[in-house]
Amino acid sequence: SAVISQKPSRDICQRGTSLTIQCQVDSQVTMMFWYRQQPGQSLTLIATANQGSEATYESGFVIDKFPISRPNLTFSTLTVSNMSPEDSSIYLCSVEGGGSTIYFGEGSWLTVV
Amino acid sequence: QQQVKQSPQSLIVQKGGISIINCAYENTAFDYFPWYQQFPGKGPALLIAIRPDVSEKKEGRFTISFNKSAKQFSLHIMDSQPGDSATYFCAASSDNFNKFYFGSGTKLNVKP
């Protein structure tokens, strides 16, 4: 399976600010995904990021709030913009693996105060 | 509409017992059903997965049972250990969708 590194692993952010989360993979992957996991909840797909094209956002998520970059096949960033306490969540980067599955990073734990 | 329904929400099992978590899905186009294990403070880790061409898959103490006609699948953890205490998520996907739908999660607590 791929080794996925996320930064930051944890942060406390002020309301109204923005934070960019980085995701680095140890191998080239076509598809990368960004998920949100609110406290005690399941995983919700924010968007799919393919290299060389605009990210595809799921219903309820918009580019202005969650801009995504995918400059190459091993790296992506997710920005959480104009944060509010409701954005306090775990943000997870995931990548496609062999055999149709996906693998997750350790997550970035954001608390907005 | 919730694509994958998971139960129970929480489960307490004695050490050595069998833990059973159930999931049901709606879309017959799903053709890949993984289970993920998540420990506190960690990302979800792939545990075991099955495709609908088999009714059961076993890896060590973990078994997936799959019932295609009922559109249900379950995770069985045999000889449950305190180290198995974690949250478990079922999921479903299709190569055509390139998207995973996750269940709501089951928090398992194995008592020593």
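Residue numbering restarts at 1 for every chain, and letters A, B, ... go by the order of the sequence lines.
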I'd like to know if [Y] and [X] are part of one continuous hydrophobic network [Ile/Leu/Val/Met/Phe/Trp/Tyr, side-chain heavy atoms within less than 4.5 Å].
X	Y	result
Met32(A)	Phe61(A)	no
Leu73(A)	Ile68(A)	no
Val80(A)	Ile63(A)	yes
Val54(B)	Leu47(B)	yes
Leu11(B)	Val4(B)	yes

Chain A contacts, top residue of [options] (heavy-atom pairs, under 4.5 Å):
options	answer
Ala49(B), Gly103(B), Ser104(B), Pro44(B)	Pro44(B)
Gly41(B), Pro34(B), Ala91(B)	Gly41(B)
Arg51(B), Lys107(B), Gln6(B)	Arg51(B)

Looking at [X] and [Y], what are the two nearest heavy atoms and their distance?
X	Y	value
Phe89(B)	Gln41(A)	CZ-O, 3.8 Å
Gly43(B)	Leu92(A)	CA-CD2, 4.0 Å
Phe102(B)	Ile102(A)	CZ-CD1, 4.3 Å

**Report entry** Heavy-atom neighbours of Glu54(A) CD exceed 12 at 6.0 Å
**Finding:** no
Requested in this report: Look at atom CD of Glu59(B) and say whether more than 12 heavy atoms of other residues, nucleotides or ligands are closer to it than 6.0 Å.
Outcome: yes
**Report entry** Heavy-atom pair count under 4.5 Å with chain B, highest-scoring of Ile4(A), Ile90(A), Leu43(A)
**Finding:** Leu43(A)
Report task. Count the heavy-atom pairs under 4.5 Å between each of Tyr103(A), Phe104(A), Tyr35(A) and chain B, then report the option with the highest count. Result -> Phe104(A)
Requested in this report: Give, as side chain, backbone, both or neither, the part of Tyr32(B) having an atom under 4.5 angstrom from any heavy atom of chain A.
Outcome: side chain
Query raised in the report: So what's closer than 4.5 Å to chain A heavy atoms on Gln38(B): side chain, backbone, both or neither?
Result: side chain
Query - Expected output: side-chain Ser42(A) to main-chain Gly105(B) donor-acceptor under 3.5 Å - result: no
Query raised in the report: Is the backbone N or O of Lys42(B) less than 3.5 Å from a side-chain atom of Glu106(A), with the two atoms forming a donor-acceptor pair by type?
Result: no
Query - Under 4.5 Å from a heavy atom of chain B, the part of Gln6(A) involved - result: neither
Requested in this report: Heavy-atom distances under 4.5 Å only: say whether Gln37(A) touches chain B with side chain, backbone, both or neither.
Outcome: side chain
Query raised in the report: Phe100(B) and Phe33(A): aromatic ring centres closer than 6.0 Å?
Result: no
